[in-house]
2 protein chains.
Amino acid sequence: MNNSEQIKCDCNVIHEEVVFKVRKKMPQEESLNQLADLFKVFGDSTRIKILWALSEAEMCVCDLAFLLNMTQSAISHQLRLLKQARLVKNRKEGKMVFYSLKDAHVKRIFKQGMIHSEEKE
Amino acid sequence: MNNSEQIKCDCNVIHEEVVFKVRKKMPQEESLNQLADLFKVFGDSTRIKILWALSEAEMCVCDLAFLLNMTQSAISHQLRLLKQARLVKNRKEGKMVFYSLKDAHVKRIFKQGMIHSEEKE
DNA sequence: ATAATATATGAATAGGTAATCAAGTATTCA
DNA sequence: TGAATACTTGATTACCTATTCATATATTAT
C-alpha cells in the first residue's frame with residue numbers, strides 16, 4: 001500500500017463536502033505551527049513551575065533555582081526559552097537579573113489549562 | 001562547585017521571605033506536572049491541526065488523514081494521545097470511527113493561545 | 001587588581017517522541 | 001467465504017530537547 005492510496009479513501013468522497021469546507025476555513029499552516037510552538041513552551045514541568053512562580057512574584061535566577069531545587073544553569077536555559085516565547089521579561093539589578101511575567105496572557109492560558117487539568121474523568 | 005552550593009546562594013537569604021511565601025503557595029508537584037502534560041499535548045503541530053479541524057466538524061480518521069495529507073497511521077497514533085488526554089471522544093459507525101472534541105475547554109485553551117500567538121512583538 | 005558572586009552559554013549526552021512500516025482487528029460487500 | 005476498507009497497534013528509527021558540565025561574562029567587594 002503506497003502513500004497516496006492511504007490518504008485518499010472512499011469516505012473522503014462520502015464526506016467530500018465537509019472536508020472541503022473545513023479545508024477552506026483552515027488557518028495558515030504557519031499560524032497553527034506558531035500556536036503549537038507556544039503550547040510547546042508550556043509543555044514542560046520545569047517551565048510551568050517557573051511560570052507559576054513568576055505569576056506569584058518577580059524573582060531572580062538564583063531564587064528560582066533555590067525554589068525549584070535545580071541548578072542555575074538549567075533555570076537559565078529555560079528562562080531563555082521563555083523569553084524567546086515572549087512569556088517573561090527581565091531587568092538587571094547589579095549582579096542579579098529579575099524575571100517576571102511579560103503580560104496577563106500567561107495567567108489566562110494557565111487558568112484555562114488548570115480548569116481542564118483539574119477536572120475528574 | 002557542587003550541587004548544593006549552586007542552589008543555595010546569597011540572594012536566597014536576601015529574598016528569603018519572598019521565596020518562602022511563594023513556596024508555601026506552590027501547588028502540588030503532581031498538579032503542575034499534569035498541567036505541563038496537558039500543554040504538551042497541544043504542543044505539536046499535527047495535534048493542533050487535528051484539534052482545530054475537530055473544532056469545525058466531527059471527522060473520521062480517514063478524513064483527517066486526507067485533510068492534513070498524512071497517513072492514517074500517524075493520525076491514529078495522535079488521536080490516541082488526544083483521547084488519553086481527554087481532549088477528544090469517538091464513536092464508531094460501521095467501519096468508520098468519528099472523532100470530535102470532548103468539551104468546550106479545548107476551544108477556550110485554543111483561543112487564549114491564539115490571542116498570545118497572534119500578538120505582534 | 002583580585003576574588004567572589006550571579007548569570008549566561010556552548011557542547012555533550014541521555015531520554016523522549018513523532019512518523020513510518022508491517023502486521024493486526026473489525027466491518028462491509030460481493 | 002473471501003476481498004476490500006477503515007482503523008489500530010507494536011517496533012523501529014531519526015530527530016528533538018532538557019539537563020549537565022565546563023567555561024565565559026558582568027558586577028561587586030576587598
Side-chain angles (χ1 to χ4, degrees), chain A residues 1-15 19 33 36-37 39-50 58-85 88 90-99, chain B residues 1-15 19 33 36-37 39-50 58-85 88 90-99:
Chain A
M1 195 195 281
N2 71 35
N3 210 29
S4 61
E5 277 179 281
Q6 252 196 352
I7 286 174
K8 187 76 183 170
C9 47
D10 291 358
C11 59
N12 294 152
V13 180
I14 305 169
H15 309 139
V19 174
N33 287 347
D37 285 340
F39 285 123
K40 210 171 284 175
V41 179
F42 282 86
D44 174 83
S45 65
T46 297
R47 288 191 293 267
I48 279 284
K49 284 172 199 159
I50 291 174
E58 184 191 55
M59 293 175 88
C60 70
V61 181
C62 189
D63 289 333
L64 285 165
F66 178 56
L67 177 69
L68 304 182
N69 197 36
M70 295 180 65
T71 63
Q72 285 188 6
S73 180
I75 299 292
S76 184
H77 277 298
Q78 296 304 339
L79 284 169
R80 191 163 54 85
L81 294 181
L82 289 170
K83 206 186 169 191
Q84 279 171 359
V88 304
N90 58 4
R91 70 181 174 84
K92 196 160 186 181
E93 192 179 309
K95 282 181 292 188
M96 291 176 282
V97 179
F98 285 91
Y99 283 82
Chain B
M1 195 194 281
N2 71 36
N3 209 31
S4 60
E5 277 180 281
Q6 253 194 351
I7 286 175
K8 186 77 184 169
C9 46
D10 292 359
C11 61
N12 294 152
V13 180
I14 305 170
H15 310 138
V19 175
N33 287 346
D37 285 341
F39 285 123
K40 210 172 284 175
V41 180
F42 282 86
D44 174 82
S45 65
T46 297
R47 288 191 293 266
I48 279 285
K49 285 172 198 159
I50 292 174
E58 184 191 54
M59 293 175 88
C60 70
V61 180
C62 189
D63 289 334
L64 285 166
F66 178 55
L67 177 69
L68 303 182
N69 196 37
M70 294 181 65
T71 63
Q72 285 188 7
S73 180
I75 298 292
S76 184
H77 276 299
Q78 297 304 339
L79 283 169
R80 191 163 55 84
L81 294 181
L82 290 170
K83 207 184 168 193
Q84 279 171 359
V88 305
N90 58 4
R91 71 181 173 83
K92 197 162 185 181
E93 192 179 310
K95 283 181 292 189
M96 291 176 282
V97 180
F98 284 91
Y99 282 84

If we only count heavy atoms from C-beta on, is the [X] to [Y] side-chain gap below 4.5 Å?
X	Y	result
A/K49	A/R47	no
A/H15	A/C11	yes
B/I14	A/D63	no

Once the angle between the rings of A/F42 and B/F39 is folded into 0 to 90°, is it parallel (under 30°), tilted (30 to 60°) or perpendicular (over 60°)? tilted
[X] has an atom [atom1]; how far is it from atom [atom2] of [N], in whole Å?
X	N	atom1	atom2	value
B/Y99	D/dA6	OH	C1'	11 Å
B/Q72	C/dA26	CD	P	17 Å
A/N69	D/dA18	CG	P	19 Å
B/D63	D/dC7	CG	P	7 Å
A/D10	D/dC7	CG	P	11 Å
B/M96	C/dC29	CE	C1'	14 Å
A/D44	D/dA18	CG	C1'	7 Å
A/M59	C/dT7	CE	C1'	16 Å

Using a cut-off of less than 4.0 Å, is there contact between a side-chain N or O of [X] and OP1 or OP2 of [N]?
X	N	result
B/S76	D/dC7	no
A/Q78	D/dT19	yes
A/K92	D/dA26	no
B/R80	D/dC7	no

Heavy-atom nearest nucleotide on DNA chain D taken for A/C11 and for A/S45; more 5' hit belongs to A/C11
Determine whether a donor-acceptor pair (one donor, one acceptor, N or O, separation below 3.5 Å) exists between the side chain of A/S73 and the base of D/dC21. yes
Side-chain donor or acceptor of A/H77 under 3.5 Å from a matching atom on the base of D/dT17? no
Please test A/Y99 against A/M59 for side chain to side chain contact (heavy atoms under 4.5 Å, CB included), starting from the C-alpha separation and ending with a verdict. CA-CA 6 Å; A/Y99 283 82; A/M59 293 175 88; over 6 Å; no
Hey, does A/L81 reach any base, or is it just sugar-phosphate, or nothing, if we go heavy atoms under 4.0 Å? sugar-phosphate
